[in-house]
Protein chains: 2
Amino acid sequence: MKNLHIQIDINSALYSKNPNSSELGRKIINKSIELIYEIGFEAFTFKKLGALIQSPESSIYRYFDNKHTLLLYLTSWYWTWVEYQMVFVTTNVVSAHERLKKSIEILTKPVVEDNEISYVNEVLLSEIIFSESIKGYHTKSVDEENKKGCFKAYKRVVRRVSEIVSEIDEDFKYPHMLISTVIEGAHHQKYFTEHLPALTDVSNEEDSITQFYTKLVFNFLPREKT
Amino acid sequence: MKNLHIQIDINSALYSKNPNSSELGRKIINKSIELIYEIGFEAFTFKKLGALIQSPESSIYRYFDNKHTLLLYLTSWYWTWVEYQMVFVTTNVVSAHERLKKSIEILTKPVVEDNEISYVNEVLLSEIIFSESIKGYHTKSVDEENKKGCFKAYKRVVRRVSEIVSEIDEDFKYPHMLISTVIEGAHHQKYFTEHLPALTDVSNEEDSITQFYTKLVFNFLPREKT
DNA sequence: CATTAACGATAGTAATACTATTATAATTGC
DNA sequence: GCAATTATAATAGTATTACTATCGTTAATG
């Protein structure tokens, strides 16, 4: 499953020069993930990244207008990658309940395995998404960027899962609200577990977050007919 | 209810000089809310705020170390204020279900009324909280600040409502996860409605968000015995 | 082999996020 | 009522950030 060599296509509004098209570009992606993971998005600068990859900042600017756009690129990459995972896991599964369950698992379980083939470390990237991606769309430029399609990958994921919800109950009024609540919620809970435990319920069980959000979703829906 | 002239006490780790103790301090709070609301937290600087209140930036630095601390102060103020509202609305209500319902309403309904007595415009402040407060705790300094008690007000609100949940079902394992999901979720959905409608279900009904999250919570809990 | 594109090296600018100093005005303590 | 303290204004200055511009060299392509 992991070694399909899929091509992750990113909206061209998110880069000036496609980082996937050159050695340097891939190095920028690869190392920016490490650096953002390490020092956080606020402290991250193109100058520091330049030092790390031993290229001048001006070269990085040839690929990305600024670090905000780079974050949107990484986020987009992540959701496209998640979408592939979801498609893979749900194809040929007849039961909508089962497809929904598997989708929620992908959306709420930690990413633990790096495929090591692409230049992207998905484990580190997912950590960045959990704690930093929100900064990508809580900005004054969100409407403008939304028009350009910068958030399409995320929206596609939400839509895809919402459609399974609607397949189970076509009268349910809030499928998108439900799924975006699950996604954002799971990210928050992971963050809270590590940093603000009073806002969650830390337990020994590994997948309490997945359990909680799975129950949350199915609480809204009718049981599967057997 | 609104005109109680309550004193909002904020953890002293969040300021160098208490802004509540002087005219200038109150002006800083009052105008920073307007300015952050208007131009967003990233574009907000002490220099611009200084220009607005016609004081030099150095004077503002006497009250707050930086704009991040100011945001934490505002957030703390907001949650303390919300807690007062919640206490007020739930006191003397015997039914735990009813208290929970009213609490969720406070947490998910938009703030529409500014009490005009204090120097804080709660309507604008709530908008800031919805779209910017998350930036206050998604930082590398979160652990350190958490130790100093910078997030106590938020935690108190979550705990208070979680306790009602536990009162209704003492075996329920995730009361804090449930309530923080509701709070953060409602904020997100409000933001999505305005900026990323594909991630939510915008409807004509005013309080669809409140309805959704109320149902979400009560789905997990047993019905009230009558 | 010539042309073009990509990259590295270097320099420079405006804005940001502060810190420091000193003078003046307002409060308070006695 | 005056001295002492404290708060604020005015001004200056620094390091860092977030870029933009120029130019020479190398690598890829036709």
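Just so we're on the same page: letters track the sequence lines, and every chain starts at 1.
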task: Using only side-chain N and O atoms of B:Ser22, determine if any of them is under 4.0 Å from OP1 or OP2 of D:dT8.
output: yes
Value in whole Å for how far the P atom of C:dT16 lies from CZ of B:Phe41: 14 Å
message: Assess whether a salt bridge exists between B:Lys102 and B:Glu105, defined as any Lys/Arg side-chain N lying under 4.0 Å from an Asp/Glu carboxylate O.
response: no
message: Nearest whole Å is fine: how far is C:dT16 C1' from B:His68 NE2?
response: 17 Å
- line: A:Lys17 NZ to C:dA6 C1', in whole Å, measures 7 Å
query: Can B:His68 and B:Glu145 be counted as having a side-chain donor-acceptor contact under 3.5 angstrom?
result: yes
task: Please tell me if the side chains of B:Ile128 and B:Ser133 come closer than 4.5 Å, counting only heavy atoms from C-beta onward.
output: no
task: Look at A:Lys47 together with A:Glu57 and state whether they make a salt bridge at an N to O cut-off of under 4.0 Å.
output: no
statement: From CD of A:Glu23 across to P of D:dA28 the rounded distance in Å is 11 Å
Whole-Å distance separating the NZ atom of B:Lys27 from the C1' atom of D:dA7: 14 Å
- request: May I ask you to decide whether A:Glu34 forms a salt bridge with A:Lys31, counting only side-chain N to carboxylate O separations under 4.0 Å?
  value: yes
task: Identify whether the distance between the nearest side-chain nitrogen and carboxylate oxygen of B:Glu42 and A:Lys140 falls below 4.0 Å.
output: no
task: Tell me which residues in residues 45-67 of chain A put a heavy atom below 4.0 Å from DNA chain C, sorted by number, or none.
output: A:Ser55, A:Pro56, A:Ser58, A:Ser59, A:Arg62, A:Tyr63
- prompt: Please give, in whole Å, the distance from C:dT16 C1' to A:Glu42 CD?
  reply: 15 Å
